[in-house]
Amino acid sequence: KTCLINRFCKDTFDKNYKATIGVDFEMERFEVLGVPFSLQLWDTAGQERFKCIASTYYRGAQAIVIVFDVNDVASLEHTRQWLADALKENDPANVILFLVGSKKDLSTPAQYSLMEKDALKVAQEMQAEFWAVSSLTGENVRDFFFRVAALTFESSVLAELERGSARRIGDTVHITSNESDLYQSAPRKKPKCCQ
Ligand SMILES: Nc1nc2c(ncn2[C@@H]2O[C@H](COP(=O)(O)OP(=O)(O)OP(=O)(O)O)[C@@H](O)[C@H]2O)c(=O)[nH]1
């Protein structure tokens, strides 16, 4: 997870493993349809002993990205448990899910296509979008995060529209302007007979 975020946010790759302790945070700015939009990326720890700290940061996520190693079947199996943990803190109806297979550079095309079948099944079960990436080569990393930004932007706009329409339904609309205001841009001339 850390390598994936570092590839996208800093365009770097470090092959030395440093476990995330608790949680790390990055912010990336986008412009979607000309509108500035920031994505906060919370990189939570995968090691069992730090899980308890990490899980306190799951709440309120707009998108959940579950990452596994495409060369490790057990890590794909484990994604169901990660999803269950993340959904304890979130309403599944309000969250966008991604299943991401990492380290694609380490698998041969034959190995990859075997694994892809299983990953697509799991993704379908989860109702998640599946992406395979390599943080080492950068394959698919930018496209993946742009997709996350596009879908979270869309869900923010929809949520804002819903809040707006709820306000309109409950409100009473007072019309306070007098007739003359309505014609400000083109004042009516008095008919000749009244002058
Ligand atoms: N070849 C290859 N190695 C990778 C790739 N992504 C990560 N690694 C290596 O895998 C190890 C773990 O990567 P991290 O990104 O730190 O894993 P993590 O999920 O953040 O781990 P935790 O912080 O413990 O949750 C590191 O040694 C990385 O160099 C990749 O795309 N290709």
Side-chain angles (χ1 to χ4, degrees), residues 1-30 38-90 95-123 125-152:
K1 302 173 290 289
T2 305
C3 285
L4 182 59
I5 289 175
N6 285 344
R7 170 57 74 199
F8 180 64
C9 297
K10 304 175 186 157
D11 203 14
T12 58
F13 179 81
D14 182 358
K15 63 179 182 337
N16 301 308
Y17 170 59
K18 287 182 218 81
T20 303
I21 298 166
V23 74
D24 279 339
F25 172 81
E26 285 287 340
M27 191 158 90
E28 199 59 35
R29 291 187 166 79
F30 294 85
S38 297
L39 207 58
Q40 295 177 5
L41 301 167
W42 296 83
D43 175 14
T44 53
Q47 281 194 20
E48 204 59 41
R49 60 196 163 129
F50 303 125
K51 212 171 156 178
C52 184
I53 320 170
S55 64
T56 61
Y57 291 87
Y58 295 166
R59 189 167 307 152
Q62 245 186 308
I64 296 171
V65 180
I66 308 217
V67 185
F68 71 99
D69 179 346
V70 295
N71 312 287
D72 177 355
V73 184
S75 77
L76 175 61
E77 286 304 316
H78 204 174
T79 57
R80 291 187 176 92
Q81 186 55 52
W82 285 113
L83 178 65
D85 290 346
L87 289 183
K88 277 183 206 154
E89 308 289 338
N90 289 287
V95 91
I96 304 160
L97 296 177
F98 295 93
L99 179 69
V100 173
S102 70
K103 308 191 191 183
K104 192 170 179 244
D105 57 283
L106 294 179
S107 69
T108 64
Q111 285 167 335
Y112 174 75
S113 67
L114 260 182
M115 185 287 313
E116 191 187 44
K117 280 198 193 90
D118 295 335
L120 285 169
K121 257 187 241 156
V122 176
E125 240 175 64
M126 293 178 167
Q127 298 192 302
E129 218 175 85
F130 172 65
W131 284 74
V133 302
S134 166
S135 308
L136 186 141
T137 65
E139 183 183 351
N140 254 349
V141 173
R142 238 169 98 86
D143 288 351
F144 166 64
F145 280 102
F146 279 21
R147 179 73 176 154
V148 176
L151 290 187
T152 49

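As a basis for the values below, the full set of heavy atoms in this structure was taken, side chains included, without hydrogen atoms, waters or symmetry mates. Just so you know, ligand 1 is whichever comes first in the structure, and atom 1 is the first atom listed for that ligand.
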Peer 1: Is the number of heavy atoms from other residues, nucleotides or ligands under 6.0 Å of Q47 CD greater than 12?
Peer 2: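 For Q47, atom CD is crowded (more than 12 foreign heavy atoms under 6.0 Å).
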Peer 1: Should you measure from each heavy atom of L106, which atoms of ligand 1 turn up under 4.0 Å away?
Peer 2: 1 (N)
Peer 1: Is the shortest heavy-atom distance from the side chain of V141 to the side chain of L4 under 4.5 Å?
Peer 2: yes
Peer 1: Quick one: nearest non-hydrogen protein atom to atom 21 (O) of ligand 1, plus distance?
Peer 2: Y17 CE1, 3.5 Å
Peer 1: With a heavy-atom distance limit of 4.0 Å, tell me whether D105 approaches ligand 1 through its side chain, its backbone, both, or neither.
Peer 2: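 The answer is the side chain of D105.
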Peer 1: Using a distance-only test with no angle check, is there a side-chain donor-acceptor pair under 3.5 angstrom linking D43 and T2?
Peer 2: yes
Peer 1: Looking at ligand 1, does any of its N/O atoms fall within less than 3.5 Å of an N/O of D43?
Peer 2: no
Peer 1: Any nitrogen or oxygen of N16, side chain or backbone, less than 3.5 Å from one on ligand 1?
Peer 2: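 No: no nitrogen or oxygen of N16 is under 3.5 Å from one in ligand 1.
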Peer 1: Which atoms of ligand 1 sit under 4.0 Å from any heavy atom of G46?
Peer 2: 22 (P), 25 (O)
Peer 1: From L39 CG over to T152 OG1, what is the distance, rounded to the nearest 0.5 angstrom?
Peer 2: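 These two atoms lie 5.0 Å from each other.
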Peer 1: Give the residue, atom name and distance (to 0.1 Å) of the protein heavy atom nearest atom 31 (O) of ligand 1.
Peer 2: S135 N, 2.8 Å
Peer 1: Please check whether K18 reaches ligand 1 - meaning an N/O of the residue sits under 3.5 Å from an N/O of the ligand, judged on distance alone.
Peer 2: no
Peer 1: For the 3.5 Å polar cut-off, considering only N or O atoms, please tell me whether K104 and ligand 1 meet it.
Peer 2: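 For ligand 1, there is no N or O atom that lies under 3.5 Å from one belonging to K104.
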Peer 1: Below 30° counts as parallel, above 60° as perpendicular, anything between as tilted: where do the rings of F8 and F145 land?
Peer 2: parallel
Peer 1: Are more than 12 heavy atoms, taken from residues, nucleotides or ligands other than F50, located less than 6.0 Å from that residue's CZ atom?
Peer 2: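 Yes, enclosed.
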Peer 1: Would you call N6 a ligand 1 contact, heavy-atom distance under 4.0 Å?
Peer 2: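 It does not, in that no heavy atom of N6 comes within the 4.0 Å cut-off of ligand 1.
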Peer 1: Looking at ligand 1, is there an atom of it that comes within less than 4.0 Å of some heavy atom belonging to F50?
Peer 2: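 No, that is not the case, since the closest heavy atom of the residue is not under 4.0 Å from the ligand.
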Peer 1: Just distances here: any N/O of V133 and N/O of ligand 1 closer than 3.5 Å?
Peer 2: no
Peer 1: To check your reading of the model: name the closest protein heavy atom to atom 3 (N) of ligand 1, its residue, and the distance in Å.
Peer 2: F13 CZ, 3.7 Å
Peer 1: With backbone taken as N, CA, C and O and side chain as the heavy atoms from C-beta onward, which portion of S134 lies under 4.0 Å from ligand 1: side chain, backbone, both, or neither?
Peer 2: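 For S134, backbone and side-chain atoms both sit under 4.0 Å from ligand 1.
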Peer 1: Could you pull out all residues at least two apart from D72 that satisfy salt bridge (Lys or Arg N to Asp or Glu O under 4.0 Å)?
Peer 2: none
Peer 1: If you measure every N/O of Q47 against every N/O of ligand 1, is any gap under 3.5 Å?
Peer 2: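 No - when backbone and side-chain N and O of Q47 are compared with those of ligand 1, no distance drops under 3.5 Å.
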Peer 1: In the protein, what heavy atom is nearest to atom 27 (O) of ligand 1, and what distance, to one decimal place, separates them?
Peer 2: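 Ranked first by proximity to atom 27 (O) of ligand 1 is K15 O, 2.9 Å.
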Peer 1: Quick check for you: to the nearest 0.5 Å, what is the distance between H78 atom NE2 and I66 atom CD1?
Peer 2: 10.0 Å
Peer 1: Mark up the atoms of ligand 1 that fall under 4.0 Å of a heavy atom belonging to A19, in ascending order.
Peer 2: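 Selected atoms, number and element: 23 (O), 24 (O).
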Peer 1: With K104, which residues qualify under side chain to side chain contact (heavy atoms under 4.5 Å, CB included), at least two apart?
Peer 2: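 Scan of K104 (side chain to side chain contact (heavy atoms under 4.5 Å, CB included), adjacent residues dropped) gives Y112, A132, S134, E139.
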Peer 1: When you look for heavy atoms under 4.0 Å from ligand 1, do you find them on the side chain of T137, its backbone, both, or neither?
Peer 2: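 T137 to ligand 1: no contact under 4.0 Å from either part.
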Peer 1: Would the distance check show the side chain of T44 and the main-chain N or O of A54 forming a donor-acceptor pair, the cut-off being under 3.5 Å?
Peer 2: no
Peer 1: Taking everything shown except R80 itself, do over 12 heavy atoms lie less than 6.0 Å from its CZ?
Peer 2: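 Count over threshold, so yes.
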Peer 1: Could you work out, for atom 9 (C) of ligand 1, the closest of K1, R49, K51, K103 by heavy-atom distance?
Peer 2: K103
Peer 1: Give the residue and atom name of whichever protein heavy atom lies nearest to atom 15 (O) of ligand 1, and the separation in Å to one decimal.
Peer 2: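 Looking at atom 15 (O) of ligand 1, the protein heavy atom closest to it is C3 N, 2.8 Å.
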Peer 1: Taking distance alone, with no angle check, do S102 and ligand 1 share an N/O pair under 3.5 Å?
Peer 2: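 N/O-N/O distance under 3.5 Å: no.
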Peer 1: Counting each atom of ligand 1 from 1 as listed, which ones have a heavy atom of L136 under 4.0 Å away?
Peer 2: 1 (N), 30 (C), 31 (O), 32 (N)
Peer 1: Check whether any side-chain N or O of S102 sits under 3.5 Å from a backbone N or O of F68 as a donor-acceptor pair, and report yes or no.
Peer 2: yes
Peer 1: Parallel, tilted or perpendicular, judged at 30° and 60°: which one describes the rings of F98 and F144?
Peer 2: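 Geometry flag for F144 against F98: perpendicular rings.
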